Amino acid sequence: IACYGASTGMIEVACHDAKNLPNTLKYYYDIIQGGTVIKKDSSTKPYPQLDTLLKFRNLSSGLYDINIKTDRGCDTTMYNFNLTQNPLIYATAVPPIDSISCKGYTDGKSRAIVTDGFPPFLYKWDAAIGFVTSDSAVGLGAGNTTVTIKNNLGCEVTTTTDLKDP
């Protein structure tokens, strides 16, 4: 899972009809996380055939088990599918002390400090058009300034700083 907290994980399970059971069987599957069934489904499709993949999508990080049953009583549980996620991007935007020279001026500065999350990073400051490589913004006035930081996986985090007039 590329971005922290996202539900973009997928588990693919290859099914094979080793017993040459008829393709008219009905198959049921449960996706289990932490002992709790999080999804139940069934299919009248001719599962499992050789080279057929069952795809379980939109999963969050965690440990999963998959239980597959047929209407003839066959039951198989596959254990310990571990979906991991990349770490959260930790960032703060810090204005230097006395960064605005006079009340009403727009000569303030701020800098984003990123401590985790797969560099390189791109930054989008309030007034900027698009993302840039600079972790600093200049020409800022008093008030909240927001910066969005994107890592090389496309994950984003937003942080805000408050610049004060002297």
Side-chain angles (χ1 to χ4, degrees), residues 1-15 28-43 45 47 52-68 77-166:
I1 300 172
C3 298
Y4 183 86
S7 295
T8 57
M10 182 173 70
I11 297 172
E12 291 183 345
V13 179
C15 294
Y28 305 89
Y29 61 86
D30 298 335
I31 302 171
I32 304 159
Q33 184 180 33
T36 302
V37 175
I38 60 167
K39 183 175 182 182
K40 290 175 138 330
D41 210 341
S42 63
S43 177
K45 294 179 182 177
Y47 289 128
T52 296
L53 288 177
L54 294 177
K55 295 180 182 181
F56 306 102
R57 294 184 167 100
N58 302 320
L59 301 174
S60 59
S61 67
L63 196 60
Y64 292 88
D65 300 329
I66 298 175
N67 189 24
I68 300 173
T77 301
M78 294 166 277
Y79 296 99
N80 299 329
F81 291 91
N82 189 19
L83 296 180
T84 59
Q85 64 186 347
N86 288 315
L88 181 65
I89 303 170
Y90 291 102
T92 55
V94 183
I97 296 175
D98 300 325
S99 68
I100 298 174
S101 62
C102 293
K103 185 174 181 163
Y105 279 31
T106 55
D107 60 351
K109 300 172 187 169
S110 185
R111 181 171 175 248
I113 299 172
V114 183
T115 56
D116 204 353
F118 293 96
F121 300 104
L122 296 173
Y123 306 85
K124 184 176 188 319
W125 294 90
D126 274 343
I129 299 172
F131 283 89
V132 296
T133 57
S134 175
D135 65 354
S136 299
V138 296
L140 303 174
N144 286 334
T145 296
T146 301
V147 60
T148 300
I149 298 119
K150 183 186 329 185
N151 69 8
N152 68 340
L153 300 173
C155 306
E156 295 181 6
V157 66
T158 299
T159 188
T160 303
T161 187
D162 186 23
L163 280 79
K164 307 274 187 209
D165 272 328

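Quick caveat, the model's predicted, so the values are computed rather than measured.
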Query raised in the report: N67 and T77: side chain to side chain donor-acceptor pair (under 3.5 Å), yes or no, with the steps?
Result: CA-CA 4 Å; N67 189 24; T77 301; 2.8 Å; yes

Query raised in the report: Does one side chain, of T158 or T148, offer a donor that lies under 3.5 Å from an acceptor on the other?
Result: yes

Query - Step-by-step side-chain contact (heavy atoms from CB on, under 4.5 Å) determination, M10 to K55 - result: CA-CA 7 Å; M10 182 173 70; K55 295 180 182 181; 4.3 Å; yes

Query raised in the report: Are F56 and F81 near enough that their ring centres are under 6.0 Å apart?
Result: no

Query - Passing candidate, side-chain contact (heavy atoms from CB on, under 4.5 Å) with D65, options D30, I32, I31 - result: I32

Report task. Count the heavy atoms belonging to other residues, nucleotides or ligands that lie under 6.0 Å from CZ of F131, then report whether that count exceeds 12. Result -> yes

Query - Step-by-step side-chain contact (heavy atoms from CB on, under 4.5 Å) determination, T146 to T159 - result: CA-CA 6 Å; T146 301; T159 188; over 6 Å; no

Query - Heavy-atom closest contact (L140 atom, S110 atom, distance) - result: CD1-CB, 3.8 Å

Query raised in the report: Under 3.5 Å, side chain of Q85 to main-chain N/O of S60, donor-acceptor pair present?
Result: no

Query raised in the report: Is there a donor-acceptor contact under 3.5 Å from the side chain of S134 to the main chain of S136?
Result: yes

Query raised in the report: Are the side chain of N152 and the backbone of P120 linked by a donor-acceptor contact shorter than 3.5 Å?
Result: no

Requested in this report: Would you sort out whether I1 and L83 count as a side-chain contact (heavy atoms from CB on, under 4.5 Å), showing the intermediate values?
Outcome: CA-CA 7 Å; I1 300 172; L83 296 180; 4.3 Å; yes

Query raised in the report: When you look at C155 and F118, which way does the side-chain contact (heavy atoms from CB on, under 4.5 Å) test go after all the steps?
Result: CA-CA 9 Å; C155 306; F118 293 96; over 6 Å; no

Report summary line: Between D116 and V114 the two heavy atoms that sit nearest each other are O-CG1, 3.5 Å

Report task. Measure from the side-chain N and O atoms of D165 to the backbone N and O of G104, and report whether any donor-acceptor pair falls under 3.5 Å. Result -> yes

